[in-house]
Amino acid sequence: MSERNIYLLLTDTGTWFSRMIKLYTKAPYNHASISLDENLKELYSFGRKVYFNPLSGGFIKEGVDRGVFLYKKNTKCIVYKMVVSEFQYNEILKRIAQFKYFEDQYRYNLLGVMGIAMNKRIKRKNAFTCSQFVASVLDASNIYVFDKYIELITPEDITKIPQLQLIYEGKLCDYHQHKIAVFDSAIFDWNQYKADY
């Protein structure tokens with residue numbers, strides 16, 4: 001059976017909203033996104049649709065160089081890779097396609113953020129926090145089932161998935177440079193191996 005990779009990005013943008021969340025989570029990262037390519041060209045999550053209006057939240061397509069990340073150049077991040085089956089990968093595609101198609105019907109679950117702070121489950125139709133969204137995609141795609149309600153999942157809970165492979169931690173703006181350095185190092189090692197044998 002063929003395998004594919006997906007990528008989970010956790011970030012700390014330093015916005016007032018993320019600082020507020022950090023007050024009670026005490027976690028280093030308070031925003032979660034999911035991507036289907038290692039370049040993180042398209043990231044999917046729930047958050048503000050317009051940078052200057054934090055109340056305009058919903059399903060969003062993010063990128064390393066657009067949205068909040070465009071304005072917050074010093075965003076700290078951690079990137080994980082997860083190996084999934086072809087079937088699971090296709091299920092993720094279907095799930096994300098559904099969010100894209102009905103994008104206008106989804107909104108950010110601000111009440112859910114308060115519920116997490118109080119450890120009280122607040123279930124709302126078509127409303128998600130970023131971590132609820134990522135967790136629901138993983139759950140619906142039969143990749144990982146959390147041991148607590150989706151509505152109470154935090155980005156920190158996502159980091160505890162055993163199948164995750166850490167591939168980068170640092171500034172988000174330096175991620176692509178890091179990837180190039182890793183690739184160059186792999187080429188050098190391969191050339192050195194050929195030279196030795």
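We're numbering straight along the sequence, starting at 1. All figures in this text were calculated on a predicted structure; none of them were measured in a lab.
A heavy-atom distance below 4.5 Å is found between the side chains of Ile158 and Ser131. The shortest side-chain heavy-atom distance between Leu166 and Tyr168 does not fall under the 4.5 Å cut-off. No side-chain heavy atom of Thr129 sits under 4.5 Å from any side-chain heavy atom of Leu110. When side chains are defined from C-beta on, Val79 does not count as touching Glu169, because their heavy atoms never get closer than 4.5 Å. Within the 4.5 Å cutoff, the side chain of Arg124 has heavy atoms near those of the Leu111 side chain. At a threshold of 4.5 Å between non-hydrogen side-chain atoms, the residues Leu164 and Lys81 do not count as touching. No side-chain heavy atom of Glu151 sits less than 4.5 Å from a side-chain heavy atom of Lys120. Using a 4.5 Å heavy-atom threshold, the side chains of Thr159 and Tyr80 count as touching.
A donor-acceptor contact shorter than 3.5 Å is absent between the side chain of Asp139 and the backbone of Ala135. The closest donor-acceptor contact from the side chain of Ser35 to the backbone of Asp37 lies under 3.5 Å. In this structure a side-chain-to-backbone donor-acceptor pair under 3.5 Å is present from Arg19 to Gly14. Looking only at distances, a side-chain donor or acceptor of His176 sits under 3.5 Å from a matching main-chain atom of Asn39. Of the possible donor and acceptor atoms, one in the side chain of Gln88 sits under 3.5 Å from a partner among the backbone N and O of Asn142. A donor-acceptor contact shorter than 3.5 Å is absent between the side chain of Asp174 and the backbone of Lys171.
Closest approach of Phe69 and Val64 over heavy atoms only: CB-O, 3.4 Å. When all heavy atoms of Asn30 and Pro155 are compared, the closest pair comes out as C-CG, 3.6 Å. When every heavy atom of Val83 is checked against every heavy atom of Gln165, the shortest pair comes out as CG2-NE2, 3.6 Å. Here the closest non-hydrogen pair linking Ile167 and Tyr175 is CD1-OH, 3.9 Å. For Ile153 against Ile116, the heavy-atom pair with the smallest separation is O-CD1, 3.7 Å. Considering every non-hydrogen atom in both Gly115 and Ile122, the closest pair reads CA-CD1, 3.7 Å.
Cluster membership for Leu36 and Tyr101, using ILVMFWY side-chain heavy atoms within less than 4.5 angstrom, is shared. Note on Leu8 and Leu93: same hydrophobic cluster, where clusters join Ile, Leu, Val, Met, Phe, Trp and Tyr whose side-chain heavy atoms are under 4.5 Å apart, directly or indirectly. Put simply, Ile96 and Tyr108 are part of the same group of oily side chains (I, L, V, M, F, W, Y) that touch within less than 4.5 Å, one to the next. Hydrophobic clustering (ILVMFWY, side-chain heavy atoms < 4.5 Å, transitive): Phe59 and Val137 are in one cluster. Using a 4.5 Å cut-off between side-chain heavy atoms of Ile, Leu, Val, Met, Phe, Trp and Tyr, with links allowed through other members, Ile60 and Leu40 fall into different hydrophobic clusters.
Ring geometry, Tyr106 versus Phe128: the interplanar angle falls from 30° to 60°, so the pair is classed tilted.
Between Glu103 and the choices Gln98, Lys49, Lys61, the side-chain hydrogen bond (donor to acceptor under 3.5 Å, both in side chains) rule is met once, by Lys49.
Once rounded to the nearest 0.5 Å, the distance linking NZ of Lys76 with SG of Cys173 reads 12.0 Å. The NZ atom of Lys73 sits 14.0 Å away from atom OG1 of Thr13, with the distance rounded to the nearest 0.5 Å. The line from NZ of Lys41 to CZ of Arg66 is 11.0 Å long, rounded to the nearest 0.5 Å. Rounded to the nearest 0.5 Å, atoms CG (Leu9) and OG (Ser33) are 5.0 Å apart. In this structure, OG on Ser18 lies 5.0 Å from CG on Asp12, to the nearest 0.5 angstrom. Rounding to the nearest 0.5 Å gives a distance of 4.5 Å between CD1 of Ile92 and CD1 of Ile34.
By the 6.0 Å contact criterion, NZ on Lys148 is enclosed, its count of non-hydrogen atoms from other residues, nucleotides or ligands being greater than 12.
Between Glu86 and Ser2, the side chains place a donor N or O and an acceptor N or O closer than 3.5 Å (distance only, hydrogens not considered). For the residue pair Tyr44/Glu42, the side-chain donor-acceptor check at 3.5 Å is satisfied. A donor-acceptor contact under 3.5 angstrom links the side chains of Gln132 and Asn109, judged on distance only.
Separation of the Phe146 and Tyr144 ring centroids falls under the 6.0 Å cut-off. Remark: aromatic rings of Phe99 and Phe133 are close, center separation under 6.0 Å.
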Could you go through Ile143 and Ile161, starting from their C-alpha distance and side-chain angles, then the distance that decides it, and tell me whether this counts as side chain to side chain contact (heavy atoms under 4.5 Å, CB included)?
CA-CA 10 Å; Ile143 292 172; Ile161 299 173; over 6 Å; no

Carefully, step by step, assess Glu3 and Ser85 under the rule side chain to side chain contact (heavy atoms under 4.5 Å, CB included).
CA-CA 5 Å; Glu3 295 180 331; Ser85 69; 5.8 Å; no

